[in-house]
Amino acid sequence: MKHNGKRAFLSGNAAIARGAWEAGIRFASAYPGTPSTEILEHCGEYAEIDAQWAVNEKTAMETVIGAAYGGARSLCAQKHVGLNVAADPFFTVSYTGVNAGLVIVTADDPGMHSSQNEQDNRNYAMMAKMPMFEPSDSQEAKDMTIAAIEISEKYDTPVIIRTTTRVSHSESIVELSERKEAPEREFVKDMAKYCVLPNNARKLHVKVEARQKALAELGCKIEFNRIEKTSSKIGIITSGISYCHAKEVFPDVSYLKLGFSYPFPTELIKKFASEVETLIVIEENDPFIETAVRAMGINCIGKDRIPVCGELNPDIIHESLKEFTEKQMPETVKFEGLDIPLRPPVLCPGCPHRGVFYTLRKLNCTVTGDIGCYSLGAFAPHNAMHTIVCMGASVTNALGIEKAMKEKIHGKLVAVMGESTFMHSGMTGLLDTVYNKGRHVTMILDNSITAMTGHQPNPASGKTLKGEPTKALNIENLCKALGFDNVHVVDPFDLVSVESTLKTALKDEQPSVIITKRPCILLKDYKPKVRLVSINRDKCVKCGMCQKLGCPAIEVNPEDGKTVINQALCVHCGLCAKVCRPGAITQAEEEVK
Amino acid sequence: MTTNILLCGVGGQGTLLASNLLAECAMEAGFDVKKSEIHGMAQRGGSVVSHVRFGEKIDSPIIRKGECDILLSFEELESIRWAEYLKKDGLIITNSQHILPMSVSAGNAVYPKNIQEILSSKSIQTIAVDAIGKAKELGNQKCLNVVLVGLLAKRLPMIDEKIWPEMIKKMLPEKLQKLNLEAFQAGRNIA
């Protein structure tokens with residue numbers, strides 16, 4: 001961690017972890033998901049925090065709820081869609097309340113830099129009736145985590161910290177303090193509080209509504225909700241990163257900055273609105289605050305001008321609201337008519353997934369996909385993934401497609417997911433497939449790590465978040481235990497075996513699982529033996545077979561149309577040598593010593 | 001006075017270390033600093049960008065289009081991709097290296113020719129250097145990022161020049177310090 005005496009330059013995620021440590025948090029759990037992942041990684045750097053990777057967001061949430069009941073200040077973190085997975089326990093812990101403080105972080109992704117949707121999780125706070133902080137920078141991320149723990153214990157409620165990608169992944173200066181250990185809070189058996197049987201839950205709901213009122217009053221005096229009064233002409237209500245962007249465009253107007261945005265501080269909003277001529281609400285995605293303002297009978301400018309879709313920035317705010325400022329948009333240089341090729345992410349050179357997608361395309365399979373690096377298999381030249389919905393959906397989507405299309409799809413349908421996704425929520429779908437007599441093939445791409453989010457260990461890695469050895473799941477045995485009689489294990493670089501195994505499995509009347517096993521090429525302690533790959537360009541006949549691999553190290557020379565291997569990128573996996581028909585690309589027999 | 005530096009390149013080129021180094025030095029020099037970048041898919045060969053802003057008080061972590069003082073580019077195509085962020089008299093410092101996007105290497109798109117000429121036709125001042133060549137001379141092409149930081153540092157007089165080598169020593173493990181201190185100095189000396 002980058003410490004500079006009492007100040008540090010921290011990301012929002014690192015600041016939340018620091019806040020957790022300073023607030024005396026003892027337990028934290030999460031499933032990795034961009035942009036939330038680093039929160040748990042940073043928690044794991046503090047000896048006093050028992051931080052762990054959970055199998056999925058639901059088990060993480062349930063575990064931290066247990067820890068908070070058991071007396072440890074606790075935190076769980078997830079990306080926005082992760083909270084969907086954890087939604088069941090999430091809603092109910094609002095009723096039971098806590099014992100020790102409980103912080104629930106949701107990191108949303110406006111603009112969908114790395115996500116499948118743009119859901120605005122502030123709506124969850126309202127639906128679950130849970131208080132929520134929205135930090136604007138790293139200092140606030142830390143301070144609000146500490147305040148969240150205090151409020152959690154004082155009001156007997158879990159507290160949400162809602163960040164967005166720009167808060168989680170931006171860095172700014174943070175003042176550091178020391179850790180304050182929390183006094184022990186003994187778990188007292190209290191059936192009326194902790195068992196949400198209908199008769200108890202009815203009483204708990206009444207308590208929740210009373211808590212809402214008290215927290216709305218707190219919201220009117222808490223320091224995180226502040227009025228910055230300058231002119232009475234224009235007043236802006238805003239929260240989170242939108243506040244920072246708005247200040248760039250409107251430095252001189254009045255602000256009501258909502259750091260503790262839910263329950264809505266109704267009286268404070270009314271007061272502010274009454275003091276300004278024009279009221280503007282600036283927020284990303286949904287009209288969350290705006291709807292509340294309008295429900296108070298107050299008119300305002302908001303989503304009639306500011307887009308709902310996508311991430312905000314100062315340029316978009318300026319463009320949307322230019323009639324309210326005399327400032328001109330900055331001049332920019334334009335390159336009309338210039339075609340700048342895009343540079344989207346690609347499967348890395350040496351990626352073990354490449355051979356799988358090459359084969360799926362070759363066999364013209366219909367592929368239901370999942371969430372991970374392998375989602376890139378949907379792009380050209382592979383074009384070998386045809387649905388992606390959410391974590392674990394590959395297998396159950398396939399089951400549904402079979403139910404709809406029956407014989408028409410039999411022998412062509414393959415579900416593809418990574419091993420981490422399999423454990424997250426894929427294995428229940430596999431059980432469904434066996435139970436309900438599905439026949440499709442499921443491929444589990446086991447690369448020994450949760451790769452997409454930056455290499456987190458998982459239950460099949462044999463290592464915990466803290467790096468301690470632990471029992472490693474045997475995926476093959478688990479699939480057999482789920483009821484699969486046909487479980488095949490292949491090396492994804494052995495293209496002949498991948499193809500023949502897939503053909504056999506597709507013909508089968510029973511459902512099958514094919515596990516492809518090879519570590520992620522970027523894995524730090526993975527040092528595969530290297531046999532050098534080279535090309536004899538005289539033999540290249542421009543057949544284009546190597547191009548079908550979609551490897552960044554394989555280039556076409558625009559002069560003669562023949563293949564060139566970019567030696568700076570090539571990791572000598574040898575896949576191109578295996579598909580080269582004229583034998584122009586070859587791999588040495590000898591290993592490099 | 002706020003200074004806006006945009007760093008851009010291709011995943012795996014070390015832009016993140018360069019932006020960290022810049023931000024930490026600006027903080028050491030007493031400025032408020034914010035930095036923003038999108039990770040997640042960064043290591044998979046995609047286009048990568050870091051916004052670094054420093055001054056008395058910084059609000060948004062994002063640089064506005066048309067307000068960037070210096071664009072520090074690690075690859076030539078990326079320099080023109082992000083050039084619209086430059087302010088009127090802004091400067092581009094770019095590594096002259098070309099890394100072909102997949103669409104180009106597969107022959108489905110063309111890498112624009114004469115990027116330097118296009119930029120100068122728009123009166124954009126550009127310093128193009130073979131930073132990777134310089135890094136290889138020093139014995140490790142990975143230090144190209146610090147070569148580029150050296151070039152940048154020379155154009156940031158508000159950060160005391162003594163801060164940079166001290167920060168390199170603070171941020172990097174001992175075995176990498178000598179190489180990177182040399183790379184930094186080499187960058188300063190290029191132009």
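These numbers come from a predicted model, not from an experiment. All chains are named by letter (A, B, ...) in the order of the sequence lines, taking the proteins before the strands, and each is independently numbered beginning at 1.
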Notebook entry, point to check: Rounded to the nearest 0.5 Å, what separation is found between the CG atom of Leu342(A) and the OG atom of Ser47(B)?
Noted result: 9.0 Å
Notebook entry, point to check: What part of Phe31(B) gets closer than 4.5 Å to chain A, counting heavy atoms only: side chain, backbone, both or neither?
Noted result: backbone
Margin query: Out of Gln141(B), His51(B), Lys122(B), Glu84(B), return the one with the most heavy atom pairs under 4.5 angstrom to chain A.
Written below: Lys122(B)
Next item on the list: Answer whether the closest heavy-atom distance between the side chains of Asp339(A) and Pro112(B) falls below 4.5 Å.
Entry: no
Notebook entry, point to check: Taking atom NE2 of His318(A) and atom NZ of Lys65(B), what is their separation to the nearest 0.5 Å?
Noted result: 14.0 Å
Next item on the list: Give, as side chain, backbone, both or neither, the part of Val110(B) having an atom under 4.5 angstrom from any heavy atom of chain A.
Entry: backbone
Margin query: How long is the straight-line distance from CG of Asn566(A) back to CG of Leu100(B), given to the nearest 0.5 Å?
Written below: 7.5 Å
Notebook entry, point to check: Relative to chain A, which of Cys68(B), Gly66(B), Ser60(B) shows the most heavy atom pairs under 4.5 Å?
Noted result: Ser60(B)
Check: So what's closer than 4.5 Å to chain A heavy atoms on Ala109(B): side chain, backbone, both or neither?
Finding: side chain
Check: Among Gly561(A), Ser136(A), Pro341(A), who wins on heavy-atom pairs under 4.5 Å with chain B?
Finding: Pro341(A)
Next item on the list: Hey, could you give me each pair passing ring pair (Phe, Tyr, Trp, His ring centres under 6.0 Å) that has a residue in residues 93-116 of chain B? Not counting sequence neighbours.
Entry: His98(B)-Tyr111(B)
Margin query: Need one label for Ile124(B): side chain, backbone, both or neither, based on atoms under 4.5 Å from any heavy atom in chain A.
Written below: side chain
Notebook entry, point to check: By side chain to side chain donor-acceptor pair (under 3.5 Å), which residues pair with His353(A), not counting sequence neighbours?
Noted result: none
Notebook entry, point to check: How far does CD of Glu248(A) sit from CD of Glu67(B), to the nearest 0.5 angstrom?
Noted result: 7.5 Å
Check: Is the shortest heavy-atom distance from the side chain of Lys34(B) to the side chain of Cys244(A) under 4.5 Å?
Finding: yes
Next item on the list: Could you tell me the separation between the CD1 atom of Ile38(B) and the CZ atom of Arg166(A), rounded to the nearest 0.5 Å?
Entry: 4.0 Å
Notebook entry, point to check: Quick check: does any side chain N or O of Arg343(A) sit under 3.5 Å from a backbone N or O of Ser103(B), one acting as donor and the other as acceptor?
Noted result: no
Check: Looking at Gly107(B), Gly90(B), Ala106(B), Ser121(B), which makes the most heavy-atom pairs under 4.5 Å with chain A?
Finding: Ala106(B)
Checklist line | Part of Glu331(A) lying under 4.5 Å from any heavy atom of chain B | finding: both
Note to self: Can you confirm whether more than 12 heavy atoms, excluding those of Lys322(A), are under 6.0 Å from its NZ atom?
What the structure shows: no
Margin query: Heavy-atom pairs under 4.5 Å with chain B - which of Pro330(A), Gly544(A), Cys351(A) has more of them than the others?
Written below: Pro330(A)
Note to self: Would you say NZ of Lys562(A) has more than 12 non-hydrogen atoms from neighbouring residues, nucleotides or ligands within 6.0 angstrom?
What the structure shows: yes
Next item on the list: Could you tell me whether Lys88(B) atom NZ has more than 12 heavy atoms of other residues or ligands within 6.0 Å of it?
Entry: no
Margin query: Would you say that more than 12 heavy atoms from the other residues, nucleotides or ligands in this model lie under 6.0 Å from the CD of Glu175(A), or not?
Written below: yes
Notebook entry, point to check: Which bit of Pro558(A) comes within less than 4.5 Å of chain B, counting heavy atoms only: side chain, backbone, both or neither?
Noted result: neither
Margin query: I'd like to verify something: which residue of Arg64(B), Arg53(B), Met102(B) has the highest number of heavy-atom pairs under 4.5 Å with chain A?
Written below: Arg64(B)
Checklist line | Region of Asp137(A) that comes under 4.5 Å of a non-hydrogen atom in chain B | finding: side chain
Next item on the list: Give, as side chain, backbone, both or neither, the part of Cys551(A) having an atom under 4.5 angstrom from any heavy atom of chain B.
Entry: backbone
Check: Under a 4.5 Å heavy-atom cutoff, which of Asn108(B), Ile99(B), Leu86(B), Val52(B) has the most pairs with chain A?
Finding: Ile99(B)
Next item on the list: Starting at CD1 of Ile173(A), measure out to CG of Asp32(B) and round the result to the nearest 0.5 Å.
Entry: 5.0 Å
Check: If you tally heavy-atom pairs under 4.5 Å against chain B, which of Leu338(A), Asn557(A), Val333(A), Leu569(A) wins?
Finding: Val333(A)
Note to self: What I'd like to find out is whether the side chain of Lys87(B) reaches to under 4.5 Å of the side chain of Thr332(A), using heavy atoms alone.
What the structure shows: no
Check: Got a sec: does the CZ of Phe379(A) have more than 12 other heavy atoms crowding it under 6.0 Å?
Finding: no
Check: Top residue by heavy-atom pair count (under 4.5 Å) with chain A, among Leu77(B), Val104(B), Ile63(B)?
Finding: Leu77(B)
Note to self: Are Pro61(B) and His245(A) packed together at the side-chain level, in the sense that at least one heavy-atom pair is separated by less than 4.5 angstrom?
What the structure shows: yes
